[in-house]
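Order of the sequence lines fixes the chain letters, A, B, ..., with proteins taken first and strands second; residue numbering starts at 1 for each chain. Keep in mind that the numbers below use all heavy atoms, side chains included, and drop hydrogens, waters and symmetry copies.
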There are 2 protein chains.
Amino acid sequence: MDAQIDEILRKNQLSVTGSRKRILELFLMSNGALAHGDIEKKTGEKFDRVTVYRTLQTFLEKGIIHNIPTADNSVLYALCKDDCSEGHHHDNHVHFICSECGKTICLADVTVPEVKLPGGFLPHEYQMVVTGLCKECR
Amino acid sequence: MDAQIDEILRKNQLSVTGSRKRILELFLMSNGALAHGDIEKKTGEKFDRVTVYRTLQTFLEKGIIHNIPTADNSVLYALCKDDCSEGHHHDNHVHFICSECGKTICLADVTVPEVKLPGGFLPHEYQMVVTGLCKECR
DNA sequence: GTTGGTGCAAAAATTTTGCAGGGTG
DNA sequence: CACCCTGCAAAATTTTTGCACCAAC
């Protein structure tokens, strides 16, 4: 795990620092989406709030994580797949939001279907969000 | 138009007030999604910022509008179709967000394709957001 | 007249920015 | 050692809450 973290950071030309390692570790462990608040809690507020903001921003720019839309418009981040390059996400799986427990789940196996757009539109990224009840809450 | 607005408000057991009429009118005219900031601008700041917040909140609860998740996690609202009842939305058309001019366009003719979910998930609403360049900006 | 909505003020929460010190490569 | 990252402080922005007044029914 530790080696994996280092590799991800180095591959993106980022210096390996404590906060980056820890936050990246959280994403690898959680296997889901994290909010800014989650990260603060899970690190035990060991890092400055500002550092968390900047680290997330950096990860976003490098394409290590992406942000995902949620039902209540809070800000959630999730790990990108390996084939995300800088500024270019191929993260077109479906996100499921449970309206009961509020959890956001990445349905990695469900790919976003292609849609035909009216002429003139130049699509760049597709996102799909399904809301409903998850396994536990139904 | 004015009669239509009154009817919508009355149908939802809301008193007909200036701000509600104006904000609802904006949604009917825009035929697309509006951000909180858009509304403040388009009303010429005639109404208190707080009133706008509360009006939007009320409309949300009544199911007159719904919020749209966007790629950059800004908060957008759009009118619900007629068959939206309270807390029950069937607004499954595609939203297009232009990354150049920032406009959000409802592609009413493009329906969201059905996707197969893994067992256990009980879907309620499908939303799809496409980002890219619109006709004017490409 | 009663109920509910609005505006104002203030507080709370979230996010951004500047700068000096410290860790990384 | 040069550079980038972090923490602290402060500012800017966004959202929420309380209360008195006014408008809608």
Under a 4.5 Å cut-off applied to non-hydrogen side-chain atoms, are [X] and [Y] in contact?
| X | Y | value |
| --- | --- | --- |
| B/H36 | B/L76 | no |
| A/I65 | A/L60 | yes |
| A/Y53 | A/D48 | no |
| A/E40 | A/F47 | no |

Rounded to whole angstrom units, what separation is found between the [atom1] atom of [X] and the [atom2] atom of [N]?
| X | N | atom1 | atom2 | result |
| --- | --- | --- | --- | --- |
| A/D48 | C/dT14 | CG | P | 15 Å |
| A/L9 | C/dG25 | CG | C1' | 14 Å |
| B/R49 | C/dA10 | CZ | P | 16 Å |
| A/K41 | C/dA13 | NZ | P | 13 Å |
| B/R10 | C/dG5 | CZ | C1' | 17 Å |
| A/L60 | C/dT15 | CG | P | 13 Å |
| A/F47 | C/dG23 | CZ | P | 14 Å |
| A/E61 | D/dC4 | CD | P | 14 Å |

Which nucleotide in C/dG5, D/dG7, D/dT17 has an atom nearest any side-chain atom of B/V50: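 Given the options C/dG5, D/dG7, D/dT17, the side chain of B/V50 is closest to D/dT17.
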Among D/dT6, D/dT15, C/dG7, the one nearest A/S19 by side-chain distance: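 Per side-chain heavy atoms of A/S19, the pick is D/dT6.
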Sugar-phosphate only, base, or nothing, as touched by A/R20 at under 4.0 Å among non-hydrogen atoms: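 Sugar-phosphate contact only - A/R20 comes under 4.0 Å of backbone atoms but never of a base.
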Of B/H36 and B/L14, the one whose closest DNA chain D nucleotide lies more 5':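 Looking at the nearest nucleotide for each, B/H36 comes out on the 5' side.
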For B/F96 against A/L122, the heavy-atom pair lying closest together: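 Residues B/F96 and A/L122, closest heavy atoms: CZ-O, 4.1 Å.
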Contact summary for A/L79 and A/H66, nearest pair of heavy atoms: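 Where A/L79 meets A/H66 most closely, the heavy atoms are O-CE1, 3.4 Å.
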Polar side-chain atom of B/R20 near backbone of B/S15 as donor-acceptor pair, under 3.5 Å: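 Yes; judged by distance alone, with no hydrogens or angles, the pair exists.
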Nucleic acid contacts - residues 51-59 of chain B versus DNA chain D, non-hydrogen atoms under 4.0 Å: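 Within this stretch, B/Y53, B/R54 sit under 4.0 Å of the strand.
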